[in-house]
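Just below is one structure, and these are the notes that go with it.
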Amino acid sequence: MEPAELMQLAIAKCRQGLAAGQSPFGCAIARGNQVVACAHNRVLLTSDITAHAEMNAIREACQEVGNIFLDGAIVATTCEPCPMCMAALHWARVDTVYYGATIADADAAGFNELQLPAAELLRLGRSAIKLVPGVLAEECRGLFAQWQANPDRRVY
């Protein structure tokens, strides 16, 4: 599956989350040509600060494949993974993570981001994950603008 195609699925799932009052993050995971998970952020819905889009997608993907490891998987996430999500993706042994918007974009939108770029976390941890920024970046950044148009939005 092409990264841009997978990112389109993550963006569509993010928009579903936005329509439900959630925050602007989506993630899709594929192995080969099979999508094994697609999730949006559900932090507010579940009152679970760990319910980021990537964490939800990892949980779904592991259930789908019946394994805690997602060897060979590619991940498309609308925003650069936070340290928690990047660590979980490392532990799940995904192959490549593609992302659109950056941690700086999320910070600028008002989210309480740790200023630790995913690439730096991978470098410090000596992770083999390939990290590819800038996939459909403008469209992914636009999700923050869509979210900011909601007067009832909540940051965390």
Side-chain angles (χ1 to χ4, degrees), residues 1-20 22-46 48-106 109 111 113-114 116-147:
M1 174 165 280
E2 291 298 315
E5 182 182 5
L6 193 62
M7 185 65 80
Q8 286 292 350
L9 295 174
I11 290 167
K13 186 57 84 168
C14 177
R15 287 191 174 123
Q16 287 177 0
L18 288 170
Q22 299 305 298
S23 50
F25 304 95
C27 181
I29 302 175
R31 288 173 100 183
N33 286 324
Q34 180 186 3
V35 175
V36 293
C38 194
H40 62 76
N41 186 295
R42 294 191 293 265
V43 168
L44 299 173
L45 178 69
T46 61
D48 178 356
I49 200 65
T50 70
H52 292 194
E54 297 92 338
M55 300 298 286
N56 294 331
I58 290 167
R59 289 180 185 115
E60 289 176 19
C62 289
Q63 288 294 309
E64 177 67 23
V65 303
N67 196 326
I68 61 171
F69 301 123
L70 300 171
D71 302 89
I74 65 168
V75 177
T77 183
T78 59
C79 189
E80 179 178 1
C82 74
M84 173 185 69
C85 293
M86 196 69 254
L89 290 161
H90 165 82
W91 290 322
R93 300 183 182 174
V94 303
D95 184 66
T96 306
V97 175
Y98 299 89
Y99 67 89
T102 65
I103 287 174
D105 296 322
F111 287 91
E113 294 299 319
L114 288 171
L116 179 59
E120 181 66 2
L121 182 66
L122 293 176
R123 185 190 69 76
L124 290 170
R126 291 181 250 146
S127 178
I129 291 178
K130 294 182 256 349
L131 188 65
V132 181
V135 176
L136 301 180
E138 287 302 315
E139 195 168 348
C140 291
R141 277 192 285 277
L143 297 166
F144 287 112
Q146 184 178 345
W147 172 77

Please report the closest heavy-atom contact between [X] and [Y], naming both atoms and the distance.
| X | Y | answer |
| --- | --- | --- |
| C38 | E60 | O-OE1, 3.3 Å |
| Q22 | V43 | OE1-N, 3.9 Å |
| A39 | K13 | C-CG, 3.3 Å |
| N56 | H40 | ND2-O, 3.0 Å |
| C140 | V135 | SG-O, 3.9 Å |
| L121 | A87 | CD2-N, 4.2 Å |

Between atom [atom1] of [X] and atom [atom2] of [Y], what is the distance when rounded to the nearest 0.5 Å?
| X | Y | atom1 | atom2 | value |
| --- | --- | --- | --- | --- |
| L18 | I11 | CG | CD1 | 11.5 Å |
| I68 | Q63 | CD1 | CD | 12.0 Å |
| L9 | M1 | CG | CE | 6.0 Å |
| E139 | T78 | CD | OG1 | 10.5 Å |
| F25 | Y99 | CZ | OH | 14.0 Å |
| N41 | F111 | CG | CZ | 7.0 Å |

Task: Derivation of the side chain to side chain contact (heavy atoms under 4.5 Å, CB included) call for I103 and C82 - done: CA-CA 7 Å; I103 287 174; C82 74; 5.7 Å; no
Checking [X] side chain against [Y] main chain: does a donor-acceptor pair fall under 3.5 Å?
| X | Y | result |
| --- | --- | --- |
| E80 | P133 | no |
| R31 | G72 | no |
| E64 | A37 | no |

Compare all side-chain heavy atoms of P3 with those of V132 and state whether any distance is below 4.5 angstrom.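 SC-SC contact between P3 and V132 ruled out.
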Under the ring-ring contact (aromatic ring centres under 6.0 Å, His included) rule, collect the residues that match up with Y98, sequence neighbours excluded.
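Per chain and number, Y98 pairs via ring-ring contact (aromatic ring centres under 6.0 Å, His included) with no residue.
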Item to check | Residues forming a side-chain hydrogen bond (donor to acceptor under 3.5 Å, both in side chains) with D95, sequence neighbours excluded | outcome: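 For D95, the residues satisfying side-chain hydrogen bond (donor to acceptor under 3.5 Å, both in side chains) (neighbours in sequence not counted) are K130.
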query = After noting the C-alpha distance and the side-chain angles of C27 and V75, does the key distance pass the side chain to side chain contact (heavy atoms under 4.5 Å, CB included) rule?
reply = CA-CA 7 Å; C27 181; V75 177; 3.6 Å; yes
Stepwise, does the side chain to side chain contact (heavy atoms under 4.5 Å, CB included) test hold for M86 with V97? CA-CA 9 Å; M86 196 69 254; V97 175; 3.9 Å; yes
Checklist line | Partner set under salt bridge (Lys or Arg N to Asp or Glu O under 4.0 Å) for E120, not counting sequence neighbours | finding: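 Partners of E120 by the salt bridge (Lys or Arg N to Asp or Glu O under 4.0 Å) criterion, ordered by chain and then number, come out as R123.
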Hey, mind stepping through F144 and C79 against side chain to side chain contact (heavy atoms under 4.5 Å, CB included) and telling me if it holds? CA-CA 10 Å; F144 287 112; C79 189; 4.0 Å; yes
